[in-house]
Amino acid sequence: MTPTGTFLSFLWLIPLFPLATAALMLFVGKRVPKAGVSLLCVGSVGLSFVCAAGAVSELLAADSEHRVFQQVLFEWLTPGPMQMTGGHLVPFVADWGFLLDPLSCVMVLVVTGVGFLIHVYSVGYMAHEGGYYRFFGYMNLFMFAMLTLVLANNMLLMFVGWEGVGLCSYLLIGFYFLKKSASDAGKKAFIVNRIGDAGFILGILLTAVTLGTIRFMSNGLPESESASGIFQVLKAAKDSGTLGVITPTLTVIALLLFIGAMGKSAQIPLYVWLPDAMEGPTPVSALIHAATMVTAGVYMVVRMNAVYQLAPAAMDVVAVVGAVTAIFAASMAVVQNDIKKVLAYSTISQLGYMFLALGVGAFAAGIFHLMTHAFFKALLFLGAGSVIHSMSGEQDIRKMGGLWGKIPRTAVTFLIATLAIAGIFPFAGFFSKDEILGRAFDRFFLLWIVGFFTAGLTAFYMFRLLFLTFFGYSRADEHVEKHIHESPPAMTVPLIILAALSIIGGWIGWPGALGGENRFERFLEPVLAGVISETGAVRIAHHAVGKEIFLMVLSLSMAGAGIWLAYEFYRSKRIAPQLVAEKWPKVYELLVHKYYVDEIYDALIVNRVKDLGVLLGVLDANVIDGLGVNGAGWLARFSSKVSMWWDKWVIDGLLNFGAKLTQLFSYPVRLLQTGLFSSYALLILVGLVVLLGYYGHHMQTLLRAVR
Amino acid sequence: MDFFAHHILSVVLFTPLVGALILLFVPREQDSVPRLVGNVFGVLGFLVSLPLVHWWHSDWGGFTFEENADWIPSIGARYHLGIDGISLLLVMLTTFLGMIAIFSSWSAIKLRQKEYYILLLLLQVGMIGVFVSLDFFLFYVFWEVMLVPMYFLIGVWGSDRRLYAAIKFFLYTLAGSVVMLLAILALYFYAPAAADGSRTFDVPTLLAAVKDFPDSLRVWLFWGFFFAFAIKVPMFPFHTWLPDAHTEAPTAGSVILAGVLLKMGTYGFIRFSLPLLPTDTVLRARIIHIVIVLSLIGIIYGALVCLMQKDMKRLIAYSSVSHLGFCTLGIFALNPNGLSGSVLQQINHGISTGALFLIVGVLYERRHTRLISEFGGLATPMPNFAAIYLIISLSSLGMPLLNGFIGEFTILQGAFQVSKAWAAWGSLGVVLGAAYLLWLYQRVMFGPVTNPINEKLPDLNAREYATLIPLVILAFWIGIYPKPFFAFIEKPLERIVHQVNPGFYGAEHAKLPPLEMQPAVVETK
Amino acid sequence: MLDKVLFYIFAGLAIASGALMVTRRNAVHSAIFLVTALLATAGIFLQLRAEFLFIVQIILYVGGIMVLFIFVIMLVNLDVALQQIQFARQKWVALIVALALSAQFGLMLWSSEKIPGQGIPVLAAPPASELPANSEAVAQSLFGNYLLAFEIASVLLLVAMIGAVVMAKKEK
Amino acid sequence: MLPIGHYLFLSAALFIIGVIGVITRRNVIVILMSIELILNAVNINLVAFSRLYGDVAGQVFALFIIADAAAEAAVGLGIIIAFFRNRETVLADEMDLLKW
Amino acid sequence: MNIPFIDAIRSYLQGDGATILPEMELTLFGLGILLIGFSSKDSVENSGIWKLIFKDFYAKTAFVGTVFSAFTLWKLRGQVAMRGDLVGFHETVVVDGFFLFFAGLFLAATALVILLSVKYLEIEKEEEGEYYALLLFACVGMMLMASGFDLIVMFLGLETMALSFYVLTGFLRRDKRSNEAALKYVLLGAFSSGILAYGFSILYGLSGTTNVRLLSYAFDPSSPLAQAIQLSRQPGPGGEAMRERFASQYPAALHLDPSMLLHQMPLFAAAAFVLVAVGLFFKVAAVPFHQWAPDVYEGAPTPVTTYISVASKTASFALLLRLFLTVFAASHEMWLYVVGGVAIATLTWGNLAALTQTNVKRLLAYSSISHVGFILLGLVSGNNTALIGIGYYLFAYVFMTIGAFAVVIVLRQKGIIGDELEDLNGLYQRSPVSALLLLVFMLSLAGIPPTAGFMGKYFIFLSLIETKHTVLAVFAVLYIVPALYYYFRIIVHAWLKQPGDAPRVLMSNAQAVALGVAVFVTLAAGLYPEPFTRLAHYAFGQ
């Protein structure tokens with residue numbers, strides 16, 4: 001039975017509410033009173049959430065095989081017939097259509113739900129900022145774009161949302177546009193994203209010419225048999241046995257799409273924009289750069305899982321990139337002192353986790369982690385925002401400390417989030433992270449090792465953050481100290497709700513090994529079935545319970561080790577950094593790592609030794625930024641200089657060549673046009689002689705012929 | 001009414017001329033009257049072109065609204081007008097942008113107003129004429145006629161280096177067009193004469209005759225036309241007139257120049273150059289390759305040079321090189337996607353770049369400088385301006401939901417079907433497009449107000465809204481619902497693809513549906 | 001035979017005095033040598049049985065035009081000019097070009113003599129005895145075939161007269 | 001009569017002498033005289049051909065050439081006088097106001 | 001009444017006289033002007049009505065003369081249409097479409113120049129009687145050049161025109177530049193006339209005739225004459241009959257060498273061709289025989305410059321065309337490259353030299369040289385299109401050049417010479433109308449549609465393509481670009497530069513009429529060329 005219902009038939013309202021308010025804000029927002037702005041903007045997102053919840057519930061009413069609802073509003077892009085690789089012509093159409101299936105259900109709920117909370121929070125956080133209406137206009141525009149992204153029924157419409165969120169990210173990062181660093185960061189984000197987008201576009205095009213369609217699936221359409229969808233085409237190819245032919249192309253498609261995902265989801269090497277993006281207001285970081293937008297890449301890969309499952313090589317690439325990003329970013333997070341930067345690197349790291357999951361075939365686990373991460377990372381950012389708010393804008397954790405008692409609600413919720421991200425049972429992060437690590441272990445041991453150590457690192461740096469911020473003595477300036485206060489309810493209530501979600505959010509994926517049935521994975525199963533059922537990438541793992549529990553214990557102990565280490569360093573201070581330095585000079589990377597973190601913390605021997613963090617920082621600034629971003633800038637300048645030169649000398653030169661020639665020519669003309677009678681007469685004579693000579697010469701041949 | 005319906009194209013074509021003639025008799029001393037008359041005829045020109053859209057049927061593939069009268073019988077030149085979907089869109093773009101451009105000059109032009117409006121209206125006649133002519137001779141006449149008013153618009157009302165820019169513009173274009181004249185004459189001569197020995201300049205007839213030409217002749221003819229159009233487009237490396245002309249022209253001139261004049265090149269490519277491509281596949285591939293490589297160089301080159309510009313108008317001018325590179329890329333992909341994307345992108349470029357020039361005009365009118373370094377932080381004093389500017393920038397850089405994306409994507413789609421590498425290089429242009437436009441935006445709008453003069457700049461006034469808002473609306477319209485626009489060009493392009501790339505449709509559709517000449521005139525409802 | 005001798009004498013005289021005319025420093029001398037050349041040409045005319053032209057040549061040219069020349073030479077008073085260089089700076093270039101021209105003329109004359117079809121038809125000229133009385137024939141032709149030319153010549157001379165008057169008129 | 005070539009040679013010689021005079025002399029009066037010599041050469045041609053064909057058209061032509069020579073001389077000398085009045089020179093290379 | 005004298009005149013006018021009637025009228029008017037000038041000078045000074053009539057009396061008379069003559073031409077056209085081409089004076093003159101076309105052009109040019117001269121002469125303070133008489137006599141010469149069908153008539157017509165121009169050029173006796181121009185002109189002109197005459201003498205020597213028709217037979221191996229001569233050499237009654245016919249009609253033919261006719265252009269004929277061509281190239285100012293033109297154009301009084309550049313050039317082209325299309329027609333392939341080479345040289349030199357000129361008259365001189373190049377290119381292709389093109393081009397050239405010079409003449413005010421580019425500065429502010437007219441003429445000269453100049457070039461280019469001279473076509477077409485550049489230098493000065501303290505430009509009525517006619521034709525021939533192409537068709541008998 002196909003799902004029906006009022007909310008479903010008005011599915012398009014979900015993105016429309018935020019769009020309407022966004023338009024209202026951006027065009028006439030200046031004249032709307034602040035309360036009105038708050039009401040309209042938060043309310044519209046709330047309405048979206050209600051609609052989404054309604055639609056999801058209506059979808060859930062259907063049985064699990066039929067949980068697909070697709071709605072085409074109108075044909076959007078109709079550029080005529082397209083020639084596929086094989087030479088067939090197909091009418092190319094990109095719909096403006098929405099798709100609600102279990103996968104988008106999860107996303108739409110996360111986006112509207114978390115988005116709503118963050119909007120509420122923003123009302124408090126942004127209360128005293130200028131451009132209030134503008135902020136909410138952008139935020140709602142973002143909501144619109146993000147919802148379009150997750151609800152799109154084809155790749156191109158998804159790309160619309162994809163670009164839209166990028167744009168809003170640009171606008172919101174640069175919200176404090178008076179600050180150059182802010183607008184720089186926004187620009188950087190947009191441009192780096194564009195590099196990924198180019199890959200995405202090419203991926204779309206390749207999909208289009210290979211498969212003849214860019215619609216994800218035709219399920220749920222009135223004539224689902226005749227209408228084409230990627231899934232259906234692949235299935236047909238499998239049935240006709242031609243799948244092998246297109247497999248290499250599918251790999252290329254998968255890789256191109258992944259380039260897009262790397263840009264949006266801040267994976268190596270395109271992650272560099274995300275730390276800078278922290279220039280934006282904190283709610284923005286929470287919403288866009290933690291909970292929703294940056295996970296769009298993950299969502300997209302899962303959405304395209306039918307293709308990825310047929311391209312194992314691409315999957316491996318995804319896994320490796322994800323794993324490397326995870327540990328790389330985590331290691332950098334260790335040394336950061338800006339509270340938001342730590343969280344930013346953490347986000348990158350967690351996104352790496354998600355990609356690791358996708359790469360090893362655990363799509364459901366990836367989405368699961370995406371969801372839980374949305375909860376606790378949003379919470380972390382909002383908490384950080386609350387801290388910053390209470391600290392009158394101070395972001396440096398070295399100038400904090402001892403806040404535990406002063407802002408208790410923030411502190412407690414922050415602790416919960418930290419525990420969640422560290423993967424402590426039974427917080428949400430535990431379930432999702434464990435799922436990933438378990439699958440990675442199955443797939444490839446080394447990936448598991450990386451993930452495992454990352455887990456430890458995560459625990460370490462998060463607790464480092466926690467300890468430095470909330471415990472110990474206050475290191476704040478006096479006048480800041482005086483103003484420390486708990487945030488208003490508009491900010492703390494969302495914190496509390498998110499904290500609750502960070503605890504219970506993981507329980508819907510309670511694994512079998514612990515007596516649950518992993519309902520989350522079952523829920524997503526129809527979407528992730530894949531074309532070839534036996535690839536098994538999405539089958540629910542049936543490990544031996546013992547092994548699974550063993551792995552859980554291992555990772556828990558790793559997290560514990562991280563926490564302990566953090567405690568020893570930053571709370572009890574039983575381990576002095578210098579001591580470590582003398583004991584293990586440049587032996588083992590992990591140790592070195594620790595060693596340098598100490599040094600940074602003390603800020604005493606930074607210049608004497610090469611701390612990995614600094615190294616990575618330098619790498620970031622010089623190699624990646626330098627070669628990647630600045631290098632591109634340099635290249636642009638260089639080539640445009642060359643171009644200008646070319647323009648000026650070669651092309652204009654050619655043009656001016658005429659003038660030069662004229663000048664050159666004018667000399668003999670002047671020489672001949674002397675104004676002297678005799679030379680004129682002489683020239684006439686020369687002309688006469690030349691013309692006669694022409695015939696004389698001509699006559700030679702004639703004479704010879706006569707003889 | 002009947003007369004109007006039968007001569008709709010003539011009416012559209014000559015309405016601005018009537019305006020210009022009336023202006024001739026307006027006394028010079030009256031300052032506001034020429035302005036008023038100019039605007040009235042700008043609007044009127046647009047209004048009389050609206051019935052074209054109204055009467056249009058989307059299944060028309062051939063030329064319609066035809067008018068065909070004797071002009072110079074002894075040489076076979078006729079007054080033959082007619083449009084198909086492609087020219088219809090361009091005509092509409094011309095009348096629309098013309099109206100906007102005229103209106104945008106309301107307060108910008110204080111000197112010699114009467115002449116200014118006369119020239120703008122004459123320019124309008126020339127441009128519409130190029131798009132509606134179905135007679136090569138007539139086409140050429142309009143093509144050249146148009147240069148003169150543009151020359152004066154740049155030369156009289158331009159900025160500092162106006163004389164240089166104006167003559168450069170004129171000479172460049174002329175150099176191309178005289179070669180085209182030869183090609184036209186060759187086409188005229190080599191096409192078989194009628195039974196009574198008379199020859200014709202009729203475009204459909206001559207283009208149909210081309211199919212019997214030997215390849216060697218076709219190649220020569222192709223290059224003959226190519227130079228004229230390539231200079232007009234302008235393709236790399238024939239583009240250097242463009243930055244100068246755009247930069248020095250007054251705002252309305254730049255709008256028209258970028259919005260319409262450049263489209264004549266691409267229009268020419270579609271209408272005249274494509275049918276001349278040789279049939280021999282190797283030869284054909286070689287030619288297409290050259291053109292495509294030039295387009296790609298243009299795309300990337302234009303974008304890179306943009307990054308270095310200090311002058312806003314110059315930057316936008318170079319961005320035109322890049323955008324028009326996309327158009328030619330799409331055209332020479334020779335498939336419906338590429339071509340329709342290209343036509344749409346021409347419209348888009350007219351809207352976006354036209355609007356960008358208007359935006360620079362807004363700043364120029366306030367500050368009398370276009371140097372980027374003079375500005376900064378304008379978002380504070382001019383928030384609404386900032387919003388509109390942002391939308392236009394995004395439209396230009398191909399943000400989805402705005403017009404630019406539709407064109408660029410469709411072009412890339414068309415190119416991709418032919419060669420993946422082309423599309424890949426093209427997409428690099430998309431990336432760079434974001435870079436230079438956003439950087440420009442950042443430098444002008446963001447940050448603190450660095451220059452104290454800028455603190456007091458007034459935001460947009462009603463007139464400026466009136467010029468910009470229609471463009472913004474169009475940008476959104478095309479971005480969100482481009483289907484009606486595609487509908488105009490689908491059938492004509494199908495014919496063209498059939499003609500120039502018969503392999504495209506494969507065996508199943510190898511036969512081109514016979515062209516039924518559309519009814520010359522539509523019954524008025 | 002006498003014909004031949006006469007021709008060579010007159011031809012030699014004409015060429016020699018032509019050459020002298022071109023090379024003399026004093027314009028008056030040049031004029032005198034021009035007269036000589038013209039007279040020698042008149043002799044050639046006579047030798048060619050063009051008696052009427054012979055008379056015209058002597059009266060019109062020698063008697064009319066030359067007087068005019070000498071008159072003008074006197075009028076413009078060339079004493080100063082005598083001291084100056086009489087040839088343009090380009091004279092050597094000019095001579096080379098003139099030499100080339102002579103070579104070409106030579107080739108032309110040579111080929112017209114030697115190669116059939118390249119030049120003037122060399123059938124025998126009608127013997128002098130068969131020629132009609134010269135003046136009469138000229139008159140017939142002048143007032144018959146060439147009446148129009150005669151009329152135009154009158155306009156031409158009228159123009160020359162007005163021209164000379166306008167040009168030579170003293171300023172008021 | 002003698003072979004026509006003789007007369008042609010004589011005429012060519014006079015023509016070339018005249019030409020040399022035109023292009024080398026500085027004195028405009030002498031230049032004008034050289035032109036007279038050229039016209040004279042033309043007349044020799046005409047009369048010789050006239051004799052060759054036994055046809056007086058050539059002689060009539062020569063008559064008109066003489067008339068023309070007279071006319072040219074008159075106008076030319078008139079102009080020389082006007083020139084001399086203004087410029088006090090009759091040297092060809094001193095008329096150089098108009099150039100380039 | 002039966003007065004023998006009148007009868008004689010009447011019969012004369014119905015016979016031979018009809019063929020030169022227009023010229024006769026002009027001559028009479030010229031003589032009339034001279035006579036009035038000599039007799040009644042200063043006799044009517046201050047009486048009102050007389051003042052009105054006698055103001056600019058000479059100009060009015062001359063103008064009426066051209067009108068009369070034009071009217072006669074019109075009547076002649078009717079006769080030609082009825083009876084075919086008129087031939088008169090023992091076939092030394094013909095009246096055909098060619099003549100009517102060119103004579104019409106000459107008369108139009110003369111009339112316009114008369115209109116332009118009045119104010120100019122007032123400002124120059126010159127007596128005018130001789131001036132107008134000479135204009136008319138020059139026109140007579142030109143018309144005879146177009147109608148002459150005999151070398152002698154042609155030569156005399158040419159000389160009549162040339163002598164008039166020598167005098168007109170030097171008409172400003174107090175002006176050094178005018179003197180110098182006249183002297184250069186007369187010396188070079190006489191020199192070139194000598195060369196031309198030498199060529200004519202050889203032509204006569206080759207064929208024994210001065211008649212153009214017979215000459216053209218003599219140079220065409222496929223002509224009936226060649227066969228007739230072959231026949232006359234045969235013994236027998238047929239040969240005898242032919243010999244008798246020759247003896248009575250064309251005695252020289254009895255002596256002609258039949259083998260000469262077998263070659264299209266033997267060396268001697270080539271020499272004749274080159275000499276004639278050089279003489280004519282000089283008159284039309286083709287490179288390298290053009291050098292008099294800039295100097296003379298600059299030095300001459302501007303109306304005379306106009307007249308020279310327009311009428312003299314057109315008339316010389318008429319003569320050149322008459323000879324090249326008849327006498328040398330059969331040997332077209334032999335001189336194709338000579339003319340082509342001269343044409344390219346002319347285009348190159350004219351265009352490039354014009355680029356750097358600062359004197360408008362001089363600039364226009366070089367530009368007119370480049371126009372000669374275009375017309376000569378038409379001669380290269382030599383097919384029907386080309387002939388129409390040449391006709392059209394000359395027609396357009398006359399009016400647009402007169403227009404362009406007319407603006408310069410208008411600029412000549414008291415105290416201002418007005419022929420330097422600087423003098424044009426801000427013309428637009430000083431006289432919008434003349435600036436606008438100048439623009440039209442410049443566009444036309446440059447060949448931008450929809451003006452007459454474009455149509456002329458159009459035909460030339462088309463003919464080049466038809467005869468497959470593609471390289472020449474590309475060459476020629478590209479020279480439009482530099483041409484546009486220098487024409488627009490004039491425009492830049494007139495439109496885009498500031499006027500400084502130059503006074504407003506005042507235009508007399510006569511000048512206004514002349515400019516109006518010129519601009520009307522320039523635009524009409526561009527916008528609706530049909531009647532004008534018919535005219536060109538008519539001229540070349542197609």
Side-chain angles (χ1 to χ4, degrees), chain A residues 26-27 30 74-84 87-89 92 96 134 156 159-164 167 170-171 174 177-180 182-184 186-187 190-191 194-195 197-199 201-202 204-206 208-209 632-633 635-637 639-641 643-644 646-647 650-652 655, chain B residues 168 171-172 237-240 243 301 304-308 335-337 340-341 344 377 379-380 383 387 390 394 399-401 405-406 409-410 412-414 416-417 420 423-424 427-428 430-432 434-435 438-439 442 445-448 480-483 486-487 490 493-494 504-506 508-509:
Chain A
L26 294 179
F27 289 122
K30 214 173 182 176
F74 56 86
E75 287 186 340
W76 174 41
L77 197 62
T78 52
M82 176 185 68
Q83 193 170 32
M84 286 169 61
H88 294 293
L89 294 188
F92 179 88
W96 191 283
R134 196 161 52 90
L156 206 60
F159 186 72
V160 170
W162 186 271
E163 285 279 297
L167 167 69
Y170 164 76
L171 294 170
F177 59 79
L178 294 181
K179 258 164 76 185
K180 183 169 189 313
S183 60
D184 272 346
K187 191 187 63 180
F190 197 87
I191 292 167
R194 270 255 156 169
I195 297 171
D197 295 346
I201 286 241
L202 292 175
I204 295 175
L205 292 172
L206 193 54
V209 299
L635 189 71
R637 275 191 295 278
S639 28
S640 56
K641 256 180 203 153
S643 309
M644 299 277 279
W646 162 261
D647 223 29
V650 180
I651 296 176
D652 269 7
L655 184 77
Chain B
K168 193 170 174 184
L171 291 185
Y172 243 111
F238 307 110
H239 63 275
T240 51
Y301 171 94
L304 285 178
V305 177
C306 277
L307 289 171
M308 281 308 289
N335 52 32
N337 291 168
S340 55
L344 207 60
T380 313
L390 181 67
L394 294 174
M399 170 63 59
L401 289 197
F405 173 72
I406 303 291
F409 178 79
T410 319
L412 286 179
Q413 193 190 4
F416 198 85
Q417 291 164 45
K420 314 221 169 358
S427 59
L428 181 58
V430 177
V431 175
L432 291 170
L438 287 182
W439 194 31
Q442 183 199 4
M445 305 307 290
F446 285 160
I480 293 172
Y481 194 53
K483 201 175 169 183
F486 281 121
E490 187 187 340
L493 288 180
E494 191 182 322
F504 178 82
Y505 285 98
E508 338 149 34
H509 312 272

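Quick note on labels: first sequence line is chain A, next is B, and so on, each numbered from 1.
Note that the CZ atom of A:F92 and the CG atom of A:L77 stand 6.0 Å from one another [nearest 0.5 Å]. Once rounded to the nearest 0.5 Å, the distance linking CD1 of A:I201 with CD of A:E163 reads 7.0 Å. Interatomic distance, CZ of B:F416 versus CG of B:N337, reported as 12.5 Å (0.5 Å rounding).
Most heavy-atom pairs under 4.5 Å with chain A: of the set B:A387, B:A379, B:G414, this distinction falls to B:A379. The most heavy-atom pairs under 4.5 Å with chain A, out of B:N335, B:L438, B:L412, come from B:L438. Counting heavy-atom pairs closer than 4.5 Å to chain A, the top-ranked of the candidates B:G377, B:P482, B:A423 is B:P482. Interface check for chain B: of the options A:V209, A:L167, A:I204, A:D197, the most heavy-atom pairs under 4.5 Å are formed by A:L167. Ranked by heavy-atom pairs under 4.5 Å with chain A, the list B:L428, B:T380, B:I480 is led by B:I480. Most heavy-atom pairs under 4.5 Å with chain A, from the set B:K420, B:E490, B:M399: that is B:M399.
The side-chain heavy atoms of B:L493 and B:P336, taken from C-beta on, include no pair separated by under 4.5 Å.
Contact of A:W162 with chain B is not made at all, since no heavy-atom distance falls under 4.5 Å. In this structure, chain B has heavy atoms under 4.5 Å from both the backbone and the side chain of A:L206. Of the atoms belonging to B:S340, it is side-chain heavy atoms, and not backbone ones, that fall under 4.5 Å from chain A. Heavy-atom distances place both the backbone and the side chain of A:V160 under 4.5 Å from chain B. For A:F159, the parts lying under 4.5 angstrom from a heavy atom of chain B are both the backbone and the side chain. The parts of A:L202 that come within reach of chain B are both its backbone and its side chain, each placing non-hydrogen atoms under 4.5 angstrom from that chain.
The side-chain contact (heavy atoms from CB on, under 4.5 Å) check on B:P383 picks up A:K30, B:D459, with sequence neighbours excluded. Shown here are the side chain to side chain donor-acceptor pair (under 3.5 Å) partners of A:R134, two or more places apart in sequence or in another chain: there are none.
Listed here is the closest heavy atom pair of A:M82 and A:A208: CE-O, 3.2 Å.
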* **Stepwise side-chain contact (heavy atoms from CB on, under 4.5 Å) test for A:L171 and B:L390** => CA-CA 10 Å; A:L171 294 170; B:L390 181 67; 3.3 Å; yes
